[in-house]
2 protein chains.
Amino acid sequence: MGRIKTNDTTSRREIIIQKAATLFKEKGFKAASMRELADIVGVEAASLYNHIKNKNELLNIICFDVANRYMQMIAEIETEKKSSLEKIEKLLRFHITGMVKHFDEVYVSDREWKHLEEPYLANLQAQRRAYRKRIAAIIDDGIKKKEIKKIDASTAVLIMLHAVSGIESWHRSKAKINGKELEENMVSILVSGLKK
Amino acid sequence: MGRIKTNDTTSRREIIIQKAATLFKEKGFKAASMRELADIVGVEAASLYNHIKNKNELLNIICFDVANRYMQMIAEIETEKKSSLEKIEKLLRFHITGMVKHFDEVYVSDREWKHLEEPYLANLQAQRRAYRKRIAAIIDDGIKKKEIKKIDASTAVLIMLHAVSGIESWHRSKAKINGKELEENMVSILVSGLKK
DNA sequence: ACTTGTTACTAACAATTGTTAGCATATTTT
DNA sequence: AAAATATGCTAACAATTGTTAGTAACAAGT
């Protein structure tokens with residue numbers, strides 16, 4: 001079929017990963033076949049294996065890319081001198097813009113992590129749990145300092161994160177408001193829902 | 001292996017559907033095999049076909065069961081004499097308790113509808129779009145009557161519905177608060193996020 | 001020009017998939 | 001007790017799956 005086109009910044013491997021993310025998003029990991037991915041990339045299925053170890057490696061990369069981005073951001077936020085509510089707002093905005101920008105990856109990481117194999121599965125789950133705990137800690141801190149109303153922090157985290165993942169249906173819809181507006185609306189509803 | 005045990009209220013068919021919902025939730029529709037389902041039911045794979053047409057029928061039933069429950073509720077709410085905010089709160093509570101009670105079904109319907117086949121796929125999508133529109137209409141009405149702050153209604157709907165689907169991770173977690181508490185926390189955050 | 005590593009192809013594999021046909025055994029109805 | 005229906009089993013099917021082996025063409029470095 002010919003070889004995969006690369007520009008200088010993106011390796012063949014990275015092209016495959018990107019197209020895989022899109023395909024996995026559309027069909028689901030299990031329903032997406034390597035032959036289909038190969039077709040999209042413009043190559044025979046076997047050729048993919050010159051660039052990646054196997055199908056599951058693709059999912060690993062996608063999921064941990066996303067997880068690592070989040071971990072980096074929460075670490076940054078924790079060190080900042082901001083009120084708890086400001087921290088939550090910053091994180092929320094990060095999630096929203098991240099969802100709009102890296103939609104395919106985030107979507108796949110959110111919905112298809114089940115199909116990771118050990119030890120990656122256990123690993124990612126632990127990372128996600130830890131992540132949610134760190135957000136909950138910020139909220140609990142805000143409650144103690146009376147910036148945030150007295151609620152169950154982990155419930156608040158759950159609402160926040162899943163509300164953001166709802167951007168999926170915004171992404172699909174035709175009559176879209178623009179990304180910035182979406183962000184302001186979400187922040188308005190969620191942040192004022194927490195405020196005392 | 002022996003025949004499927006039934007009590008008087010639940011047919012063999014219904015047992016299969018229930019177990020299918022649980023299996024689809026755990027593995028995902030595509031990754032779940034009929035042989036595995038048969039194992040769980042306690043029967044050979046071929047025997048399932050005495051009760052159901054095929055694998056996809058199982059998914060159809062699960063998805064439309066859930067959708068129909070929602071449609072019935074929104075119709076009921078629309079006729080009631082309540083403020084918009086009260087209507088939204090009622091709907092929210094219905095979704096929360098529904099998620100806690102029919103967890104497997106709702107989860108599968110939310111995450112696995114992609115694997116429906118036409119015409120069921122188009123059908124369910126249309127139904128879901130219509131459902132969201134009817135909720136948005138209630139919110140817009142509330143905005144006009146100045147009970148609800150001026151926000152994009154479809155964004156609010158999206159937040160609500162996806163926040164509820166976050167109960168999934170509550171379901172998985174060990175250190176759970178109880179269902180009633182969860183409900184009050186969610187309502188508190190989301191309803192006050194809408195209030196003017 | 002020659003060598004070396006990269007990338008692609010064809011062909012094939014073993015495993016798993018959903019599903020059907022044909023037949024046996026229960027259970028219910030007559 | 002006989003007939004009819006419901007439910008189960010074994011065996012097999014065609015299709016699809018991820019992946020590997022072996023080999024040819026290409027690109028880059030010398």
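Predicted model only: the values in this text are computed from it and were never measured. All chains are named by letter (A, B, ...) in the order of the sequence lines, taking the proteins before the strands, and each is independently numbered beginning at 1. Below, all heavy atoms of this structure are taken into account, side chains as well, without hydrogens, waters or symmetry copies.
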Short side-chain N/O contact from B:Arg12 to OP1 or OP2 of D:dA6, under 4.0 Å: no
For atom CD of B:Glu44 and atom P of D:dC9, their distance in whole Å: 5 Å
Face-on cation placement of A:Lys55 at A:Phe29 ring, 6.0 Å and 45° thresholds: yes
A:Glu118 atom CD, over 12 foreign heavy atoms within 6.0 Å: yes
Donor/acceptor link under 3.5 angstrom from A:Asn50 side chain onto base of C:dA8: yes
Electrostatic pair B:Arg128-B:Asp110, nearest N-O below 4.0 angstrom: yes
For B:Leu194, the option from B:Ile151, B:Ile159, B:Leu92 that meets side-chain contact (heavy atoms from CB on, under 4.5 Å): B:Ile151
Sidechain N-carboxylate O distance under 4.0 Å for B:Arg111, A:Glu112: no
Neighbour count above 12 (heavy atom, 6.0 Å) for B:Lys27 NZ: no
Presence of salt bridge, A:Arg93 and A:Glu184, under 4.0 angstrom: yes
Polar atom pairs between nucleotides 17-20 of chain D and protein, under 3.5 Å, N or O only, would you list them?
unit_1 : atom_1 : unit_2  : atom_2 : d
D:dG18 : OP1    : A:Ala32 : O      : 3.3
D:dG18 : OP1    : A:Lys55 : NZ     : 2.9
D:dG18 : OP2    : A:Met34 : N      : 2.9
D:dG18 : N7     : A:Arg35 : NH1    : 2.9
D:dG18 : O6     : A:Arg35 : NH2    : 3.0
D:dT19 : OP2    : A:Tyr49 : OH     : 2.6
D:dT19 : OP2    : A:Lys55 : N      : 2.9
D:dT19 : O5'    : A:Tyr49 : OH     : 3.4
D:dT19 : O4     : A:Arg35 : NH2    : 3.4

Euclidean distance, atom CG of residue A:Leu37 to atom C1' of D:dT16 [Å, nearest integer]: 16 Å
Presence of B:His51 side-chain N/O under 4.0 Å of D:dG8 phosphate oxygens OP1/OP2: yes
Between D:dT16 (P) and A:Asp39 (CG): distance, integer Å: 14 Å
C:dC9 OP1/OP2 closer than 4.0 Å to side-chain N/O of A:Ser47: yes
Scan nucleotides 23-28 of chain C against the protein and return all N/O pairs shorter than 3.5 Å with their distances rounded to 0.1 Å.
none

Results of salt bridge (charged side-chain N to carboxylate O under 4.0 Å, His left out) for B:Glu86 - residues two or more places apart only: none
d(CG, B:Leu48; C1', D:dA6) in whole Å: 15 Å
Polar contact flag, side-chain donor to acceptor under 3.5 angstrom, A:Ser84-A:Lys145: no
Protein-nucleotide distance (B:Ile15, atom CD1; D:dT7, atom P), rounded to Å: 11 Å
